[in-house]
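Below: the structure, in structure tokens.
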Amino acid sequence: MEDPKMQVYKDEQVVVIKDKYPKARHHWLVLPWTSISSLKAVTKEHLELLKHMHAVGEKVIADVAGSSKLRFRLGYHAIPSMSLLHLHVISQDFDSPCLKNKKHWNSFNTEYFLESQAVIEMVQEAGRVTVQDGMPELLKLPLRCHECQKLLPSIPQLKEHLRKHWPK
DNA sequence: GTTCTAGAAC
DNA sequence: GTTCTAGAAC
């Protein structure tokens with residue numbers, strides 16, 4: 001995060017870095033300089049920061065992948081691995097050797113992935129972020145294609161299937 | 001979070 | 001027999 005070589009974008013409020021183990025062709029993390037431990041610690045005080053993080057994510061997409069046909073999603077993991085609030089910005093090809101198991105897939109393709117926009121609206125309306133019960137169970141759900149909903153029996157078969165949704 | 005690998009699934 | 005996953009160790 002501090003290492004300039006890792007920084008894709010930086011301003012007074014946030015820094016963007018590449019995910020160390022990208023789960024798609026483009027996968028960045030937007031981190032605020034002011035450390036927020038997790039979504040549980042988020043209050044209305046952070047509303048403008050959350051909006052800024054989202055806007056920066058959109059800007060990096062435009063700058064780096066603007067001419068690609070890739071679709072992107074911006075969001076937070078319900079139960080993050082790293083305890084420092086970070087916004088995932090990830091292209092929807094999921095074309096990456098680092099995507100290896102069911103947990104990887106389901107953390108980006110079930111309700112475990114909380115849309116940035118929904119988080120912002122929740123903070124706007126409720127003043128905080130509440131996460132539903134049963135998040136760990138979502139990671140064990142069967143593998144389902146995010147584009148056509150087809151069920152795939154294994155990771156290798158899912159990966160092969162995903163190819164047909166890649167933009168040409 | 002990743003790597004490693006036993007044994008389940010095919 | 002080979003592929004693949006899931007749990008332990010880190």
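The structure displayed is predicted, hence computed values, not measured ones. Quick note on labels: first sequence line is chain A, next is B, and so on, each numbered from 1.
Looking only at atom types and distance, the side chain of A:His52 has no donor-acceptor partner in the side chain of A:Glu48 under 3.5 Å away.
What separates CG of A:Leu139 from P of C:dT5 is a distance of 15 Å, to the nearest Å. Counting to the nearest Å, the P atom of C:dC4 and the CD1 atom of A:Ile155 are 11 Å from each other. Counting to the nearest Å, the P atom of B:dT5 and the CG atom of A:Asn101 are 17 Å from each other. Protein atom CG of A:Leu152 is 16 Å distant from nucleotide atom C1' of B:dC10, rounded to whole Å. Rounded to whole angstrom, the span from the CD atom of A:Gln157 across to the P atom of B:dA9 amounts to 16 Å. Distance A:Leu158 CG to C:dC4 P: 12 Å, rounded to the nearest Å. Nucleotide B:dT2 holds its P atom 12 Å from the CE atom of A:Met82, rounded to whole Å.
Atom CG of A:Leu152 sits about 10.0 Å away from atom CZ of A:Arg144, to the nearest 0.5 Å.
Among the nucleotides B:dG1, B:dT3, C:dT5, the one closest to any side-chain atom of A:Ser81 is B:dG1. Side-chain proximity of A:Lys102 to B:dG1, C:dC4, C:dA6: nearest is C:dA6. When distances are taken from the side chain of A:His104 to each of C:dT5, B:dT2, B:dG1, the shortest belongs to B:dT2.
Under 4.0 angstrom from either OP1 or OP2 of B:dT2 there lies no side-chain N or O belonging to A:Lys103. Look at A:Lys100 and you'll find a side-chain N or O under 4.0 angstrom from OP1 or OP2 of B:dT3. Regarding contacts with the backbone of B:dT2, a side-chain N or O of A:Lys23 is found under 4.0 angstrom from either OP1 or OP2.
Among the atoms of the strands shown, none is found under 4.0 Å from any heavy atom of A:Lys140. No contact: A:His77 has no heavy atom under 4.0 Å from any strand. Across all strands, A:Lys20 comes closer than 4.0 Å to no nucleic acid atom at all (heavy-atom distances).
Each of A:Glu115, A:Gln117, A:His146, A:Gln92 was evaluated against A:Arg73; a single residue qualifies, A:Glu115, per the side chain to side chain donor-acceptor pair (under 3.5 Å) test.
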- [ ] May I have the step-by-step check of ring-ring contact (aromatic ring centres under 6.0 Å, His included) for A:Tyr9 and A:Trp28, ending in yes or no?
- [x] CA-CA 10 Å; A:Tyr9 171 94; A:Trp28 301 291; over 10 Å; no

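Taking A:His27 as the reference, A:His88, A:Phe108 meet the ring pair (Phe, Tyr, Trp, His ring centres under 6.0 Å) condition, with sequence neighbours excluded.
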